[in-house]
Amino acid sequence: MAAHSRPVSAVVAVLSLFRKVRHKRQRLSVAEKSRSPHDEARTPPCEGPCSRLPITPSPQRSIYFLSPQDHPVRLGPEFFDQPAVALARALLGQVLVRRLADCTELRGRIVETEAYLGPEDEAAHSRGGRQTARNRGMFMKPGTLYVYIIYGMYFCMNVSSQGDGACVLLRALEPLEGLESMRQFRSSLGKGAAGRALKDRQLCSGPSKLCQALAIDKSFDQQDLATDGALWLERGTPEAAVVAAARVGIGRAGQWVHKPLRFYVRGSPFVSVVDRTAEQTQA
DNA sequence: CCAAGGATAATCT
DNA sequence: GATTATCCTTGGT
């Protein structure tokens with residue numbers, strides 16, 4: 001245990017490691033600040049007039065969480081406890097709500113999803129039963145979020161479903177409320193500031209676009225969509241006109257590439273990719 | 001069409 | 001530990 005007896009080279013190595021780690025930390029914190037100014041908003045204190053916590057549906061039916069039809073507004077744990085395909089379909093029409101640190105609420109109606117079935121699904125991160133620190137959320141209880149970074153700069157948001165390693169990717173929203181905040185998040189986080197204002201349909205029409213628009217980042221990974229204070233789901237209008245199409249962006253996944261595991265609201269201008277062929281075969 | 005971005009996981013020594 | 005190929009995307013030609 002005599003530290004002073006270690007070879008000098010080992011001490012030097014340790015010191016240089018510390019230096020590297022510190023540099024990396026600094027780079028990360030700078031990147032986070034420039035990229036996502038509302039990071040700390042994930043678990044907002046929200047004291048004052050806007051504090052309506054807890055948001056979880058309470059047994060004694062608070063008026064805040066009941067729709068005019070006397071249904072709880074917030075979707076609870078039981079909603080997420082269904083197989084991936086069923087959940088992917090059921091999510092269409094539901095409303096995703098994001099509350100920022102300043103208690104601003106952003107709302108978007110889900111219009112496009114993709115189901116990832118688990119170990120047998122060659123396009124899923126859980127293919128072959130792979131379970132890592134990154135995709136742990138896929139294996140956690142239904143309703144758990146799996147948020148990951150893609151292409152080094154974007155986030156994708158998944159909701160765990162029933163079934164080991166199965167989940168649903170949220171691909172597009174119809175913006176309902178807080179459009180100006182969404183526009184800001186989308187343009188300030190984008191590249192050059194030279195761009196003009198984004199059209200409404202450009203705000204959330206893609207898995208990473210919706211994450212940008214709602215300021216959803218890695219801090220939401222493994223959080224519970226049924227109980228989280230900054231992100232939740234509200235019951236919307238059920239959607240009947242649903243198109244089933246092949247999933248997007250999955251390269252070599254064999255036969256899984258063609259399976260109709262993407263679902264979207266027919267005719268919605270807020271969908272990221274429309275599949276005319278699929279629409280024709282599904283009159 | 002293509003390049004940007006960096007974390008991640010597989011594949012090595 | 002180090003190296004490399006990949007990636008559930010997007011925005012701009």
Side-chain angles (χ1 to χ4, degrees), chain A residues 9-10 13-14 16-17 20-21 23-32 34-36 84-85 87-88 91 110 112-138 145-161 165-173 182-183 185-199 201-214 216-219 221 245-254 256-264 270-273 275:
Chain A
S9 61
V14 168
S16 105
L17 182 63
K20 274 183 192 165
V21 168
H23 282 167
K24 176 144 197 176
R25 277 227 191 90
Q26 283 169 347
R27 274 190 286 118
L28 278 176
S29 85
V30 167
E32 293 247 307
S34 68
R35 172 179 301 182
S36 152
V85 168
L87 182 61
L91 280 167
I110 298 173
E112 182 183 356
T113 60
E114 278 178 3
Y116 287 84
L117 304 193
E120 76 271 24
D121 186 346
E122 282 299 314
H125 287 172
S126 54
R127 78 191 89 94
R130 289 168 172 81
Q131 191 172 174
T132 66
R134 176 177 67 143
N135 70 5
R136 174 120 200 287
M138 298 181 81
L145 296 172
Y146 168 40
V147 180
Y148 67 90
I149 297 171
I150 187 166
Y151 298 103
M153 49 185 145
Y154 299 114
F155 296 100
C156 286
M157 170 189 176
N158 301 260
V159 184
S160 178
S161 71
C167 70
V168 176
L169 170 71
L170 267 46
R171 285 198 55 93
L173 308 177
M182 295 184 191
R183 234 180 295 277
F185 283 132
R186 288 273 293 122
S187 52
S188 68
L189 295 175
K191 299 188 168 181
R196 2 175 168 43
L198 291 167
K199 305 286 187 190
R201 65 176 58 189
Q202 300 178 285
L203 292 177
C204 303
S205 55
S208 297
K209 293 180 185 177
L210 73 87
C211 285
Q212 262 190 357
L214 300 200
I216 293 165
D217 60 24
K218 190 88 173 154
S219 71
D221 187 42
R247 292 174 293 184
V248 177
I250 51 179
R252 48 197 148 235
W256 289 89
V257 170
H258 306 292
K259 291 188 185 289
L261 293 173
R262 184 165 67 97
F263 306 95
Y264 66 85
F270 302 98
V271 166
S272 70
V273 179
D275 187 332

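Every value quoted in this text rests on a predicted model; they were computed, and no experiment measured them. Chain letters run A, B, ... following the sequence lines, proteins first, then strands; residues in each count from 1.
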Problem set entry | With A:Asp121 via side chain to side chain donor-acceptor pair (under 3.5 Å) - residues at least two apart | A:Arg247
Using a cut-off of under 3.5 Å, enumerate the N/O to N/O pairs linking the protein to nucleotides 3-7 of chain C.
unit_1: C:dT6; atom_1: O3'; unit_2: A:Arg252; atom_2: NH2; d: 3.3
unit_1: C:dC7; atom_1: OP1; unit_2: A:Arg252; atom_2: NH2; d: 3.4
unit_1: C:dC7; atom_1: OP2; unit_2: A:Arg252; atom_2: NH2; d: 2.0

Exercise. Do side-chain atoms of A:Arg262 reach the backbone of A:Ala246 as a donor and acceptor pair under 3.5 angstrom?
Worked result: yes
Seminar exercise, completed: Expected list for residues 113-122 of chain A near DNA chain C, using heavy atoms below 4.0 Å, is A:Tyr116
For this session: Scan A:Arg247 against the nucleic acid and name what it touches under 4.0 Å (heavy atoms): base, sugar-phosphate only, or nothing.
Result: nothing
For this session: State which residues pass ring pair (Phe, Tyr, Trp, His ring centres under 6.0 Å) with A:Phe270; sequence neighbours excluded, sorted by chain then number.
Result: none
Exercise. Got a sec, which residues hit side chain to side chain donor-acceptor pair (under 3.5 Å) with A:Ser272, two or more places apart in sequence or on another chain?
Worked result: A:Glu112, A:Arg171
For this session: Output all residues satisfying ring pair (Phe, Tyr, Trp, His ring centres under 6.0 Å) with A:Tyr116, sequence neighbours left out; order by chain, then residue number.
Result: none
Problem set entry | For DNA chain C, stems built from three or more consecutive Watson-Crick or G-U wobble pairs below 3.5 Å | B:1-4 with C:9-12, B:6-12 with C:1-7
Exercise. Which residues satisfy the side-chain contact (heavy atoms from CB on, under 4.5 Å) test with A:Arg127, sequence neighbours excluded?
Worked result: A:Glu122, A:His125, A:Arg130
Seminar exercise, completed: Out of C:dC8, C:dG11, B:dA10, minimum distance to the side chain of A:Lys209 belongs to C:dG11
For this session: Apply side-chain contact (heavy atoms from CB on, under 4.5 Å) to A:Ala166 and list each qualifying residue two or more places apart in sequence or on a separate chain.
Result: A:Ala84, A:Ser161
